[in-house]
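Chain letters run A, B, ... following the sequence lines, proteins first and then strands; every chain starts at 1. We use all heavy atoms of the structure for the numbers below, so side chains are in, but hydrogens, waters and symmetry mates are not.
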2 protein chains.
Amino acid sequence: MKFPIGELSRQTAVKVPTIRYYEQIGLLPEAPRTEGNRRLYGKSEVDRLNFIRHSRELGFEIDDIRELLAMAAQPQSSCHQVDSIANNHLIEIDRRIASLTALKAELSRMVDECGHGRVCDCRIIEALADHSHCRSEH
Amino acid sequence: MKFPIGELSRQTAVKVPTIRYYEQIGLLPEAPRTEGNRRLYGKSEVDRLNFIRHSRELGFEIDDIRELLAMAAQPQSSCHQVDSIANNHLIEIDRRIASLTALKAELSRMVDECGHGRVCDCRIIEALADHSHCRSEH
DNA sequence: CTTGCTTCTCTAGTGGCTAGAGGAAGTAGC
DNA sequence: GCTACTTCCTCTAGCCACTAGAGAAGCAAG
């Protein structure tokens with residue numbers, strides 16, 4: 001029924017120190033302890049931590065997750081906030097993809113133009129030095 | 001000819017504290033000072049800092065830039081190292097784009113499926129909780 | 001001479017962990 | 001019961017690449 005932190009770590013693929021860190025910053029509630037002072041967890045902590053982990057994988061920040069968790073805790077409230085957090089995140093993702101794609105094009109061009117000779121002929125270093133007045137992305 | 005740090009900042013769009021930080025970590029050489037202890041810069045620092053800034057914008061890490069700068073300083077050496085740094089970076093960018101694209105699809109689906117009703121019907125929170133056994137990206 | 005801007009150094013904070021020290025608790029085998 | 005091993009505990013400090021702020025000093029214009 002109840003298991004220690006290592007087992008929680010195994011079940012969620014979240015590292016032990018990270019779990020303790022999450023507890024410290026209040027993302028996880030303080031776990032009850034055994035007589036020997038070890039933390040004890042149950043099924044609900046697995047769920048909560050999986051929620052957190054998956055949200056982190058999707059790039060949500062800790063504060064976003066805090067909000068999402070708070071909203072999930074009061075299921076009768078409106079969904080609009082959740083929707084808006086996710087949508088903001090989607091916009092940000094689009095921006096990152098666009099920026100990375102531009103970056104990739106530039107890098108590819110640089111690598112292509114590199115004559116594979118000596119540095120004095122290398123276009124990569126030149127390209128990096130040159131674009132001093134590009135509009136900044138991101 | 002020689003100008004102070006604020007002017008260097010304006011010419012390169014790198015913030016003043018960041019310039020001092022770069023000096024501190026040895027990415028920029030220690031600038032000569034005026035009698036009144038202010039740093040003085042010239043054209044070559046503008047070039048070097050633009051190189052750094054552009055490399056950072058392209059996502060290179062400080063250590064990569066250190067290597068690139070070292071290679072640029074000995075132009076008779078081979079270009080292969082430069083090429084390989086850029087290529088590694090390109091691979092990493094591809095990975096990030098792929099991961100972000102997958103993420104976007106998932107988030108879009110989540111937002112679409114959200115009934116725009118109350119949280120208890122919201123698919124977003126469910127989706128975040130559910131995918132406990134997705135392979136982890138990145 | 002005063003006002004206001006720039007610059008100086010220094011320390012500490014950010015986010016989201018990660019690493020390591022030093023010690024206690026639990027577990028398995030003998 | 002003893003030993004060896006693993007897991008766990010707390011605490012502190014480190015990572016990256018900056019960013020913010022305090023408090024003092026320099027400098028230029030009016």
Check your understanding: Between Glu67(B) and Asp64(B), is there a donor-acceptor pair closer than 3.5 Å when you use the side chain of the first and the backbone of the second?
Key -> no
Study note, to complete from the structure: The nucleotide from dT7(C), dC18(D), dG16(C) with an atom nearest the side chain of Ile5(B) is dT7(C)
**Study point:** Value in whole Å for how far the C1' atom of dC8(D) lies from CD of Glu23(A)
**Key:** 13 Å
**Study point:** Rounded distance (nearest 0.5 Å) linking atom CG of Leu49(B) with atom OG of Ser44(B)
**Key:** 11.0 Å
Practice item. Let me know the distance between CD1 of Ile19(A) and P of dT10(D), rounded to the nearest Å. Key: 13 Å
Point to revise | Short side-chain N/O contact from Lys15(A) to OP1 or OP2 of dC17(C), under 4.0 Å | key: no
**Study point:** Length of the line joining Leu8(B):CG and dT7(C):P, which is rounded to integer Å
**Key:** 10 Å
Practice item. Could you say whether Gln24(A) or Val16(A) is positioned toward the 5' end of DNA chain D, judged by the nucleotide with the nearest heavy atom to each? Key: Val16(A)
Exercise for review: Please work out if Ile62(A) contacts a base, only the sugar-phosphate, or nothing of the nucleic acid, heavy-atom cut-off 4.0 Å.
Suggested key: sugar-phosphate
Exercise for review: Round to the nearest Å and state the distance from Leu27(A) atom CG to dC17(C) atom C1'.
Suggested key: 13 Å
Practice item. Answer yes or no: is there a donor N or O on one side and an acceptor on the other, between the side chain of Arg38(A) and the main chain of Ile5(A), under 3.5 Å? Key: no
Check your understanding: Just how far is it from atom OG1 of Thr101(A) to atom CD1 of Ile93(B), taken to the nearest 0.5 Å?
Key -> 9.5 Å
Practice item. Would you kindly give the CD-to-C1' distance between Glu7(A) and dT6(D), to the nearest whole Å? Key: 15 Å
Check your understanding: Are any of Tyr22(A)'s side-chain N or O atoms less than 4.0 Å away from OP1 or OP2 of dG16(C)?
Key -> no
Practice item. Determine yes or no for a side-chain-to-main-chain donor-acceptor pair under 3.5 angstrom, with Arg53(B) supplying the side chain and Val14(B) the backbone. Key: no
Practice item. Tell me which residues in residues 33-42 of chain A put a heavy atom below 4.0 Å from DNA chain D, sorted by number, or none. Key: Arg33(A), Asn37(A), Arg38(A), Arg39(A)
Exercise for review: Let me know the distance between OH of Tyr21(B) and P of dT9(C), rounded to the nearest Å.
Suggested key: 17 Å
Revision key, fill the gap. Rounded to whole Å, CG of Asp63(A) lies from P of dT14(C) at a distance of 12 Å
Study note, to complete from the structure: Here the distance between atom P of dG16(C) and atom CG of Leu28(A), to the nearest Å, is 15 Å
Review point. With a 4.0 Å cut-off, would you call Arg95(A) and Glu92(A) a salt bridge?
Key: yes
Point to revise | Charged N-O contact under 4.0 Å between Arg10(A) and Glu7(A) | key: yes
Check your understanding: Looking only at side-chain N and O atoms, does Thr18(A) come under 4.0 Å of OP1 or OP2 in dG16(C)?
Key -> no
**Study point:** Short side-chain N/O contact to dT10(D) OP1/OP2 from Arg20(A), under 4.0 Å
**Key:** no
